[in-house]
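So the structure is just underneath, and the comments pick up after that.
No experiment lies behind these values; they were computed from the predicted model shown. We use all heavy atoms of the structure for the numbers below, so side chains are in, but hydrogens, waters and symmetry mates are not. Below, chains carry the letters A, B, ... as their sequence lines are ordered, and counting in each starts from 1.
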Amino acid sequence: MEYTDLEKIRLQKIEKMRAAGDEPYPTRSNPTHTLKQATELFKEAEAKGDASPPEVTLAGRIRSLRAMGKLAFCHIEDSSGRLQLMLRVNELGEEALNRFKENFDLGDYIEASGVMIRTRTGEVSLQTKDFHMLAKAITPLPAAKDEVIDGEVVRHATLTDPEVRYRQRYADLAVNPDVREIFRARAATTRALRDFLDSRGFLEVETPILQPIYGGAAAKPFVTHHNQLKQDLYLRISFELYLKRLLVGMLDRVYEIGRDFRNEGVSFKHNPEFTQLEFYWAYADYLKVMDLTEEMLRYVSQEVLGKTKTTFGGQEIDFGGSWRRVELRQGLLDATGIDIDQHRSDAALEKAMRDQGLKPKPNQSRGKLIDAMIGDFLEPNFIQPTFLYNYPRDISPLAKSKPGNPAVVERFEGFVGGMELCNAFTELNDPLDQEARFIEMGRAYEDEDEERHPMDDDYLRAMRYGMPPNGGFGMGIDRLLMLLTDRRSIREVILFPHLREREE
RNA sequence: GGCCCAUUAGCUCAACUGGCAGAGCAGCUGACUCUUAAUCAGCGUGUUCCGAGUUCGAGUCUCGGAUGGGUCACCA
C-alpha cells in the first residue's frame, strides 16, 4: 500500500492525536439530533421567542472549513442535510481551537455539542462548546469545495471521471449529492411498485435464482456449480417459468422483483445483472395487462417524482395519459412499406426487405427479421409511452396465439424514450401447444447451443395439472429508473455496475 | 468482438508545428474573532496509463498492450 503525500500528512495527524490521548476512531457516537432536526428545533424555539436556545449534540462529516486566528467555521453534513459549526476561542479556549485547526480536515467525521444560534450573517449554526473526532479520513475526498446556491449544494471541481465514479461508488456518493438522489428514487420506485401491486391483491414471492434449467427468455446464462451435489446450475435469465408454476398452485396473482443475469454484451442499456419486475395475473389477458401497465406507471411516476411527467434526454415524457397503441403489422407497414402478412415465409420476407432497399442479415427467421425491423424503424421513434402489439409466434414461444390466427401471438412490448421497457403477453397455458413450441425452439436453436431453449419437463408437468388463463408482464427496473431520473446510461442507476476487472 | 476518442498532480484541466511539464481547487507554512467557493503572503507535491521503437531530444510521432467512454455488432 503506497500512500500519497496528502495521505501521509493525515496519517501523521492520527499519530499526533493518539500521542495526545485523543482517539481518532472512537467506538461510540451519541448525537441527540440529526442536522435537520436541530435546525428545525432552533427555528421553532426562535419563533416562540424562546430565550434559552436548544442544546444539542450533532454528528456529521466536514464538508467545508474556514479557520481564522481565533475563530473557525465549518459545515458538516449528514444524510438529513448540512449545518454550520462555529468554533470560537471564547467558548473553547485556545488549546481546543488549535486542536481543531491542526487535526481536522475535509471529510473527517466530527461530533460537536453546544447551543443552536444564528450567526451575525443570519445562518443557523451550532455554537460549539465541545467536539471530538468520530472518524479520521485518511484519503481526501475527490472534491474540492462546495457552495450553497438557492439551497442547492453545488460542488466545485467534483469527481466526474466515470471509471472512478463507478469503481469507487462510495467516493462518488460521498461527494455528489445528486447521485445519492438517484438511489433514493430507486428505492421509492420499487416501494411504489410493491404498493401498487399489493393493493391489487398480488402476492410478492421469491423463486430460485440458482436453477437447474434456465428459461423464460432467449439469453445466454451464467453457469455455476454445486460442489456437493456435483451439479451444474444456472443463474436465472427470467422468473417466468417459476412464477407461472405458482398459478397452477392457486396463487393466482403473483409478482417478484429481483435480479436476472444474462451472459451477454454490456452497453448503456445492458448490465450483466439487472433488476426485473414480473407479475402474472390469472383470468387476465394482454389487453387487461396493458391497462394495468398504464395505471401502474402513472402511479409510480406520481409517487417518485410527484408528477406524471419526466424529462428524458431533453424530451418530455408523460405517463399521465393512455399509451399510444400500435399494431405491429400496421406499424411496420407505415414505417417500411412492408406488409408482413403478405410475406409468410423467411425467404419471402427477406426478399421483400431487399426490394425495399433494406439490408437484412441472410438466413434469419421471419420472426428475427421482424424483430430487427422493430429495432431499426419503430423502437427509436417511440418516445412517448407506446404499446406495440401482436407479435410473430416464432419469437414468442411462451405466448398464446390469437384466436383464428396461429402465426400471431397476443404479446405487446412497451416502449418509452426510444427504449424497450416492458414485455407482456397472454400466457400460453395449453400444455400440448407449449410442448410443441419447446420442440420447435430446440430445433431453431440447434446451432447456437448456448441460447438454445432447454425443454423444461417439470414446467410442462405443472401446466398439465391445469393453468388458468393469465396475463404476464416483465419490466426492467433499471431502465425505468433511467427514464425517471433522466440518465442515459444504465450504469448511472446501478450502485455497483459491472466493470472489467482491473489489475492492481 | 470491430471502429473512433480519451487517459498529465488528490480533484478538474492546460502544455502551438517534438524543445526545461503548469494552472485553479486541496495540501503545507504564516497572518487574521462572523466566515460561507473566506481573504492575504509564501511553497509545485508528477512512473504524463503500461511496454517497446524513431529521434540529439517524446506528454506530443510509430507499434503493441491495459482501462474507460462513444458507436456498430450482439441482445425475444
Side-chain angles (χ1 to χ4, degrees), chain A residues 2-10 12-13 63-75 82 84-92 94 97 101-102 105-107 117-123 125 127 137-149 153-167 171 175 216-220 237-238 240 262-270 272 361 365 367-368 370-372 374-375 391-399 409 411 413 420 423-425 441 444-445 448 451 453 474 488-489 491 497 499-504:
Chain A
E2 272 295 309
Y3 288 107
T4 65
D5 290 347
L6 296 184
E7 288 169 332
K8 284 175 190 158
I9 289 164
R10 292 185 178 208
Q12 283 164 15
K13 291 180 182 182
R63 300 313 316 225
S64 71
L65 209 46
R66 294 173 296 284
M68 278 142 273
K70 293 179 168 145
L71 171 73
F73 292 95
C74 69
H75 277 102
R82 55 174 16 221
Q84 181 170 261
L85 304 185
M86 175 157 74
L87 298 101
R88 291 210 307 167
V89 74
N90 308 36
E91 277 75 24
L92 292 164
E94 210 161 303
L97 184 63
K101 290 202 284 186
E102 283 168 21
D105 290 299
L106 296 180
I117 51 137
R118 250 181 218 283
T119 60
R120 228 171 268 169
T121 51
E123 179 163 347
S125 306
Q127 176 72 270
I138 293 170
T139 306
L141 287 172
K145 289 187 178 181
D146 54 25
E147 77 181 303
V148 178
I149 300 170
V153 176
V154 179
R155 300 253 202 271
H156 294 273
T158 191
L159 179 68
T160 56
D161 180 342
E163 184 171 356
V164 180
R165 287 187 49 232
Y166 300 145
R167 286 190 197 277
V175 136
K220 293 170 192 156
I237 57 172
S238 87
E240 173 149 5
R262 296 190 183 174
N263 204 342
E264 285 164 358
V266 295
S267 77
F268 74 97
K269 51 180 177 176
H270 298 271
K361 287 210 295 187
S365 75
K368 289 226 165 193
I370 290 171
D371 203 45
I374 294 171
Y391 275 63
R393 173 188 144 119
D394 78 273
I395 52 170
S396 316
L398 301 163
V409 295
R411 170 181 175 192
E413 290 189 304
E420 180 191 337
N423 180 21
F425 23 94
M441 289 308 284
Y445 284 98
E448 310 161 50
E451 268 195 48
H453 224 86
R488 265 155 300 172
S489 167
R491 290 189 265 269
L499 297 183
R500 195 182 297 268
E501 192 175 13
R502 187 154 213 188
E503 339 153 10
E504 293 288 334

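Checking B:rU12 for Watson-Crick or G-U wobble geometry (two distances, each under 3.5 Å) identifies B:rA23 as its partner. Across all strands shown, B:rU7 forms a Watson-Crick or G-U wobble pair, both distances under 3.5 Å, with B:rA66. Under the Watson-Crick or G-U wobble criterion, with both distances below 3.5 Å, B:rG59 is left unpaired in every strand shown. Base-pair partner of B:rG42: B:rC28 (Watson-Crick or G-U wobble, both distances under 3.5 Å).
Atom NZ of A:K101 is surrounded by more than 12 heavy atoms from other residues, nucleotides or ligands within 6.0 Å. Crowding of A:R488 atom CZ: a count of heavy atoms from other residues, nucleotides or ligands under 6.0 Å not exceeding 12.
Comparing B:rU12, B:rU35, B:rC34 by their closest approach to the side chain of A:L159 singles out B:rU12. Checking B:rC75, B:rG10, B:rU33 against every side-chain atom of A:T4, the shortest atom distance belongs to B:rG10. Nearest nucleotide to the side chain of A:N90, out of B:rU67, B:rG46, B:rU33: B:rU33. With distances taken from any side-chain atom of A:Q84 to the nucleotides B:rC34, B:rU36, B:rG69, the minimum falls on B:rU36. Relative to the side chain of A:K361, the nucleotides B:rA76, B:rC74, B:rA38 differ in distance, and B:rC74 lies closest.
The side-chain contact (heavy atoms from CB on, under 4.5 Å) test applied to A:P497 returns A:Y166, A:R169, A:N271, A:R491, A:I494, not counting sequence neighbours.
Rounded to whole Å, the separation between the C1' atoms of B:rA23 and B:rG30 comes to 23 Å. Between B:rC16 and B:rA21, the distance separating the two C1' atoms is 15 Å to the nearest Å. Look at the P atom in both B:rG44 and B:rC25: the space between them is 15 Å, to the nearest Å. When the C1' atom is compared between B:rC20 and B:rA52, the two are found 25 Å apart, to the nearest whole Å.
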